[in-house]
Structures are given as C-alpha cells and as structure tokens.
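Both counts, for ligands and for their atoms, begin at 1 and track the order of listing. Values below: every heavy atom of this structure, side chains too, minus hydrogens, waters and symmetry copies.
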Amino acid sequence: MRGVKAYDQLYIDGKWVNPVGEGVFEVTDSASEEVIATVPQGAVDDIDAAVAAARAAFPAWSATTKDERAGYLAKISAGLDERSDELANTIAREVGMPLFLANLIQVGLPKANFGVAAQLLDSYEFETTVGNSLVVREPVGVVGAITPWNYPLHQIALKVAPALAAGNTVVLKPSEVAPINAFILAEIIAAAGLPAGVFNLVTGAGPVVGEALAAHPDVDMVSFTGSTRAGKRVSEVASATVKKVALELGGKSPNVILDDADFAKAVADGVGKCYLNSGQTCTALTRMIVPRERLAEVEEIAVAAAAKFAPAHPTEGKSMLGPLVSDVQRERVRGFIQTGIDEGAKLLTGGVDAPDGLDQGYYVQPTIFSEVTPDMTIFREEIFGPVLSIVPYDTEDEAVELANDTIYGLAGGVWAGDADRAKAVARRIRAGQIEVNGGAFNVMAPFGGYKQSGLGREAGTFGLEEFLEVKSLQL
Ligand code: NDP
C-alpha cells in the first residue's frame, strides 16, 4: 500500500494557508479502494477569505494587458505539460480512467484549454463599433467556479483558463471526490507567478462551501458543472444577488442510426461513446436509437463491441474500461441495471454482478439493454456508468421524437450513409453538440446544453465570452 498524502492547506491570496474548517475528506483509489490522500473540508469562512482576496486582486488583474495574461496562461499550460505524467497517474487513480486515455484526455484537454485561452487573446476583438457606439467587453469580476469529478481537471480548465484570460479573478471549489489534480494545478499556478488573489482554491462540501460561493454577494458570476440537481440549487442561491450563472449539467444523449448508415461502424463507435470513462461522461451517447427491422443485427454488433471493453486495472495494461469513481457511484449504477431488468428491458450483456476476478475496486460490467422504451427508467435517467440502452424506431420522425424525448439536451449523434440526411436530422435534435457520422471532438467548438442540460457555452471564443460583460459607449 502506498502512503496517504495529506493536503492540509488551501490556496488563498497567493499563499498556502491553514483552513478554518476542521476535518478532511478522504480520496480513494478507485481500483484498490484504498485511501490515497486527504484534503481539507473548508468552511464558509474560508470561502469568505478567498472571495475577499479575489475581490482585492481584481482591479490590478483586470487592468493587465492581453499579452501579460497570455504569458501567464502559456506558463500554466507548460507547467501542466511538465507534470503531465503525475497528473495522468493521479486522475487514473482518483477517477478510474485507463492511464493512456487519462493522459490523452484528462491531461491533454486541460493543457489545450490553457493554450487555447492564451491564443484567443491574440485574435479576440475586445472592442467593436456599432453605429455611434463603441462596444467594449470587460471582465465580469470575481468568478466562483464549482466543478465535478468525472473530467476533473478539464472541467476546471474550461472555467479557470477563459475566466483568467478575460481578466477575472477566480475562486475554485473542485469536487471532493477527485480533488488532488486541483491541488497540483494550484501548485503550477503558484509556480507560474500569478499575482496573489487572482486564483484561489477552497475544497469543502458542495452544500456548504459551494452554496456559500454561489450565494456570496462579492462574487459576480458562478460557473457550475455538475448534476442538474445541484445546478438548480446553485441557480436558486445565486438568484438573491442576481449574479451571472453558467451551468453545464447532465445529459441522456441519443445516438440516432438511420437505415442507410454503415452499421458495423456506427454501432461499434456508439458503444465506445457510451463507455468512455466507464460511462461517467456528461456527453455519453447512452440511448442508441435504431431501425426496428435491423434490431437483431445491431444487437449482435453491439455485444461484440462491448466484449472489447473488458474492465481492468486503470494503470496496468491497456484496457479501455477501468472502475467507476467510488462505491457510491458503483452502487447507483448497479441499482439502475437492476431497475432495467425489473422493468422488462432485454439484457444483452453485463449485469449487476462485479466483473469476473474484480471483486476489489469499483468495477461494473459493461452492460447493454435492448428493446428499451420511453416509459422505462433507464431511458430517462442519467446513469453515469457503462450502460447502453438500445431503442428501436419505425420511422425517421419517430427516431427524432425519441431522441428529443428527454429533459436533457447536451449532446447527440447521428449516422447516415448520406451526409446531408445526417445533418438534416442533427438539426432537428434539441441539443448543444451533435456528432455527425462520428465527427471528432473539437476543443474550439462551443460546448453546452439545451433544456435542463444547462445555460451558456464553454470552450473557444464562446467560452471566453461567457466571462465577459458588454458595455456600450455612446460617442
Ligand atoms: P454534483 O452535482 O454532485 O457535484 C458537482 C459539484 O457541485 C461538486 O463540486 C459538488 O461538491 C458541488 N455541489 C454539490 N451540491 C452543491 C450545492 N448544493 N451547491 C453548490 N455546489 C454543490 O455532480 P458530480 O460531481 O456527481 O458530477 C456528475 C454530474 O456532472 C453528472 O450529472 C454529469 O452529467 C454532470 N457533468 C456535466 C458536464 C457538462 O459539461 N454538462 C460535464 C461533467 C459532468 P462536492 O462533490 O465537493 O460535494
């Protein structure tokens, strides 16, 4: 057993300080279930100190030039690069994602996000003219950032990088479930020499310090990523001070396969898009919507594809599927699998039992249900585990109706032999990003949800603009 690392201080006003809050959260290794670290359970007083530091730092930071800010962001990106092996190992252990994927995605994307933010500053026009008005874009002020555990550093970077680029100061409250990467980022930011108070880190329980941050009268904007449940609460408490609220929430994303698609490719790709990060992906394509007359063929391809996702230890070997993040998450997912069985969905592969030989670690078998219908719980609820629902349709209109039959609207996929047909169906799906015939993820493209999947957009220019106010000077 490796040692337990105690992170016992918070990063406030450019210093590592002792927390006012007492107690710690234990962070577990998702494969061994052992405690690997502890982090402070901050208190409301810690949030107050961090917000005061961010407030005090705002005038000078917001007055820096684009070049100065780009320089700091580039340094942070380089710092992430230098510590990328350590970060990938940390996140593979905290979250359970296989190491090679963690390296590529969990560390690669944050590096890119800081790099992109620095580059955007080069080209972005902060001032434009409309008739006799000069329209200027200015930083919002103090930003409270609250983030989840599934892509922990990526979600942080999607907020912190553009917020700093825009000239805001930040108080970050990461998830207690996978917080170690946030401490490493704070060390990198400290080493980059960012002025005191521009970036602050406070860990603590969401309903305590998260709410205090969202409600704080000196916080001008709260940017939240997490569950729709907590996002609603953040909006509620933020509303008392009418601050700007950005929300990136859950999803139950459809993957519509039309009858002229390449089924071998579309179905296998869809299984992978559902199982990435053990299904703990907000954009996971969890509802595969397929022509009823091709159902048997789809089932066969899907089961064969799932067989390639045999779960294994995330840092040993090259499996595509590791454990889930925690025992709470594992039990939640097993509960949904049992509900699927009880409600009459056809279980093609997987199930509630632990995978063979993996009794230790938060593993769940890659699972596929077929003949899933809209009245079933597994059609509606975000499971956040490796569980795919195959849903048959009779007509293209019905396929679109099924795709949109959800409170969510984060993502989706469409496959067709005819690219124009695929694009036409993609336009009919009410969601923020749709993969057309497996189109690749784009770090510059706007990312965010329709309906109860959120408010606002992250990434690229749209992500930068989230953190800007607009002022008109009538000349
Ligand atoms: P949670 O909503 O439980 O937690 C997210 C963050 O919010 C954590 O930092 C948590 O703190 C904090 N929090 C919890 N309750 C409150 C509250 N009342 N007030 C303020 N903050 C609070 O989500 P998970 O961490 O479980 O993440 C999974 C969810 O996130 C899924 O639903 C997923 O779809 C969604 N998600 C959405 C993404 C998107 O971009 N749309 C991207 C990634 C995930 P703590 O954990 O420390 O208690």
Side-chain angles (χ1 to χ4, degrees), residues 21 23-27 39-42 44 47 94-95 97 105-106 109 113 144-159 171-182 201-216 219 222-239 245-253 276-286 324-326 328-329 332-333 381-385 406-411 431-433 441 446-459 463 466:
V24 295
F25 291 116
E26 291 184 334
V27 184
V39 299
Q41 263 190 48
V44 173
I47 288 290
E94 286 179 301
V95 178
M97 186 185 238
I105 301 171
Q106 300 271 14
L109 289 179
N113 292 332
I146 304 175
T147 53
W149 46 260
N150 58 337
Y151 290 86
L153 191 57
H154 175 52
Q155 309 299 348
I156 291 170
L158 274 174
K159 301 185 189 312
V171 177
L172 168 67
K173 201 239 53 92
S175 163
E176 75 202 37
V177 181
I180 305 173
N181 59 86
L201 169 70
V202 176
T203 44
V208 181
V209 297
E211 286 195 21
L213 185 58
H216 206 294
V219 170
V222 59
S223 177
F224 172 88
T225 300
S227 61
T228 296
R229 171 197 54 76
K232 286 177 183 170
R233 181 70 190 140
V234 163
S235 285
E236 257 172 53
V237 301
S239 69
V245 177
L247 302 173
E248 297 288 346
L249 309 175
K252 187 71 191 174
S253 298
L276 181 68
N277 203 22
S278 297
Q280 303 166 126
T281 301
C282 47
T283 53
L285 301 179
T286 50
L324 301 193
V325 73
S326 64
V328 171
Q329 193 61 17
R332 205 172 155 257
V333 172
E381 297 277 332
E382 181 177 51
I383 297 174
F384 239 49
T406 168
I407 58 165
Y408 296 112
L410 188 59
Q433 45 271 305
F441 183 73
F447 181 97
Y450 284 31
K451 302 195 269 182
Q452 292 190 31
S453 287
L455 287 177
R457 292 293 177 269
E458 294 193 317
E466 281 292 311

- Query: Nearest heavy-atom pair of E466 and A246: which atoms, and what distance?
  - Reply: OE1-CB, 3.6 Å

- Task: Would you name the heavy atoms of Q106 and L153 that are closest together and state the gap between them?
- Result: O-CB, 4.0 Å

- Evaluate the criterion side chain to side chain contact (heavy atoms under 4.5 Å, CB included) for residue pair F441 and Q433; output intermediate values, then yes/no. CA-CA 10 Å; F441 183 73; Q433 45 271 305; over 6 Å; no

- Message: Under a 3.5 Å threshold, yes or no: a donor from one side chain and an acceptor from the other, between S253 and Y408?
- Response: no

- Message: Could you measure the distance from the OG1 atom of T406 to the NZ atom of K252? Nearest 0.5 Å is fine.
- Response: 8.5 Å

Under 3.5 Å, N/O to N/O: give me all the pairs between ligand 1 and the protein, one per line with atom names and distance.
unit_1   : atom_1 : unit_2 : atom_2 : d
ligand 1 : 2 (O)  : S227   : N      : 2.8
ligand 1 : 2 (O)  : S227   : OG     : 2.5
ligand 1 : 3 (O)  : R229   : NH2    : 3.3
ligand 1 : 9 (O)  : T147   : O      : 2.7
ligand 1 : 9 (O)  : K173   : NZ     : 3.1
ligand 1 : 11 (O) : K173   : NZ     : 2.9
ligand 1 : 18 (N) : E211   : OE2    : 2.9
ligand 1 : 19 (N) : G206   : O      : 3.4
ligand 1 : 23 (O) : S227   : N      : 3.4
ligand 1 : 25 (O) : W149   : NE1    : 3.1
ligand 1 : 26 (O) : W149   : NE1    : 2.9
ligand 1 : 30 (O) : G226   : O      : 3.2
ligand 1 : 30 (O) : S227   : N      : 3.4
ligand 1 : 32 (O) : E382   : OE1    : 2.6
ligand 1 : 34 (O) : E382   : OE1    : 3.2
ligand 1 : 34 (O) : E382   : OE2    : 2.6
ligand 1 : 41 (N) : L249   : N      : 3.1
ligand 1 : 41 (N) : L249   : O      : 2.5
ligand 1 : 47 (O) : K173   : NZ     : 2.7
ligand 1 : 47 (O) : E176   : N      : 2.9
ligand 1 : 47 (O) : E176   : OE1    : 3.1
ligand 1 : 47 (O) : G204   : O      : 3.4
ligand 1 : 48 (O) : E176   : OE1    : 2.9
ligand 1 : 48 (O) : G206   : N      : 3.0

- Report yes if the side chains of T228 and S453 come closer than 4.5 Å at any heavy-atom pair, otherwise no. no

